[in-house]
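When a ligand or atom number is given, it counts from 1 through the structure's own listing order.
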Amino acid sequence: MADNKIIDGKLIAETMKKEIAAEVANMIDSGVGAPHLAAVLVGEDGASLTYVASKEKACRSVGMISSVYRLSEKSTEEDILKTIDFLNNDPEIDGYIVQLPLPKHINETKIIQSINHDKDVDGFTLYNIGLMQLGEPCYQPATPFGIIELLKRSNVEIAGKHIVVMGRSNIVGTPVSVMLSRKGIDATVTICHSKTQNLKELTRQADILIVAIGDPQFVKADMVKEGAVVIDVGIHRIKDNSEKGYHVVGDVDYDEVYKVASKITPVPGGVGPMTIVSLLHNTLMAAKNNKK
Ligand code: GUN
């Protein structure tokens with residue numbers, strides 16, 4: 001029997017993929033063509049290779065076109081900017097991402113801010129961040145959008161609830177805090193970070209606790225209010241003696257916190273699949289804008 005306590009991100013992402021695939025099929029049938037997502041991958045970072053491969057696979061699974069622009073680890077800023085200039089101007093490309101992190105000698109801000117904001121499906125350009133802050137339609141960053149979609153599709157009430165966000169990164173903590181507090185979503189948000197005092201007192205006030213701190217199994221049961229909804233953004237490989245040699249855990253001590261939470265996301269299979277489907281959602285939006 002399905003466990004109603006577990007927020008099944010994999011299942012919700014599959015439902016969203018079917019919705020997106022139906023829209024892609026309509027675009028193809030009506031002659032506008034399939035949405036095209038490109039990714040710029042600089043170097044051979046292991047996690048980045050895996051993420052980009054998953055994004056390509058997800059694109060294909062909904063009928064979208066995907067291409068990857070692979071550049072050497074030794075590329076200069078100028079080399080990367082040339083690729084960006086090409087992608088900005090190629091009408092065939094509806095949206096693209098530059099996979100992060102970039103090699104240390106590259107100015108990440110300079111590269112990201114060179115992306116044409118109409119194609120910025122990660123929502124990382126200042127223009128899209130500004131629109132998000134104003135609560136205007138924009139490309140919303142994938143993980144925050146995925147988290148909000150998870151909550152909505154699990155029938156978790158958000159308006160008026162106290163949401164405590166642990167972590168203030170540019171990709172997750174900060175944007176999800178802003179998005180949840182905008183008109184129409186209407187949560188009351190507290191952001192906690194490494195300098196926060198009385199952390200447990202704050203986290204115990206959360207109706208919904210969103211954890212994105214990058215610290216394996218940091219959140220224990222005594223930090224969570226009875227009946228709270230817990231969203232775990234963390235993903236860590238822990239070495240063990242199993243055949244695979246590792247197992248995956250989040251930022252939350254799942255077995256402990258499961259007992260006090262009313263709903264909780266597993267790791268893997270919670271937020272992760274939602275991030276990728278959110279990128280597909282943004283790519284569909286970009287294609288509709290580009291091809292209309
Ligand atoms: N690296 C880790 N997460 C992300 C993401 O959401 N987008 C990009 N471009 N790079 C990442």
Side-chain angles (χ1 to χ4, degrees), residues 9 13 16 36-59 64 66-71 73 75 77 80-81 83-84 87-88 93-104 106-129 132 138-150 167-179 210-214 231-237 248 250-251 267-268 270-286:
M16 286 177 71
H36 187 163
L37 172 72
V40 179
L41 180 59
V42 185
E44 304 274 330
D45 175 73
S48 293
L49 288 169
T50 310
Y51 287 139
V52 169
S54 310
K55 288 169 188 175
E56 280 191 280
K57 190 170 156 215
C59 271
M64 290 183 181
S66 83
S67 38
V68 182
Y69 290 77
R70 291 169 205 278
L71 280 78
E73 175 82 29
S75 302
E77 263 172 34
I80 303 171
L81 288 171
T83 304
I84 298 229
L87 295 169
N88 282 345
I93 306 284
D94 295 305
Y96 70 96
I97 63 155
V98 176
Q99 187 64 34
L100 302 178
L102 290 169
K104 293 232 165 10
I106 303 292
N107 180 339
E108 213 159 82
T109 304
K110 190 170 166 191
I111 300 296
I112 295 296
Q113 299 313 324
S114 306
I115 298 173
N116 174 348
H117 58 72
D118 289 330
K119 298 190 177 191
D120 169 30
V121 285
D122 257 334
F124 287 172
T125 56
L126 295 174
Y127 183 82
N128 278 310
I129 295 170
M132 176 194 70
C138 62
Y139 298 118
Q140 300 183 10
T143 303
F145 178 82
I147 291 170
I148 294 174
E149 211 54 32
L150 258 191
R168 56 177 162 183
S169 72
N170 289 337
I171 295 185
V172 184
T174 298
V176 83
S177 304
V178 172
M179 286 157 67
I210 298 176
V211 193
I213 50 176
I231 305 291
D232 188 352
V233 184
I235 181 149
H236 312 274
R237 279 186 180 189
V248 174
D251 287 350
V267 177
V271 174
M274 295 301 290
T275 297
I276 293 193
V277 85
S278 301
L279 182 65
L280 300 179
H281 165 93
N282 283 353
T283 304
L284 179 64
M285 215 169 112

Closest protein heavy atom to [atom], given as residue, atom name and distance to 0.1 Å:
{"atom": "atom 3 (N) of ligand 1", "result": "I171 CD1, 4.2 Å"}
{"atom": "atom 11 (C) of ligand 1", "result": "Q99 NE2, 3.3 Å"}
{"atom": "atom 10 (N) of ligand 1", "result": "L100 N, 3.0 Å"}

Using a strict 4.0 Å cut-off to heavy atoms of V98, name the atoms of ligand 1 that fall inside it. 8 (C), 9 (N)

Within ligand 1, which atoms have a heavy atom of D122 less than 4.0 Å away? 6 (O), 7 (N), 8 (C), 9 (N)

Could you state the interatomic distance from [atom1] ([X]) to [atom2] ([Y]), rounded to the nearest 0.5 Å?
{"X": "Q99", "Y": "D122", "atom1": "CD", "atom2": "CG", "result": "7.5 Å"}
{"X": "M274", "Y": "E149", "atom1": "CE", "atom2": "CD", "result": "5.5 Å"}
{"X": "M16", "Y": "H281", "atom1": "CE", "atom2": "NE2", "result": "7.0 Å"}
{"X": "I115", "Y": "Y127", "atom1": "CD1", "atom2": "OH", "result": "15.5 Å"}

Are N88 and Y96 close enough that a side-chain donor and a side-chain acceptor fall under 3.5 Å? yes

Could you check whether any heavy atom of F124 sits closer than 4.0 Å to an atom of ligand 1, since that is the contact criterion I want to use? yes

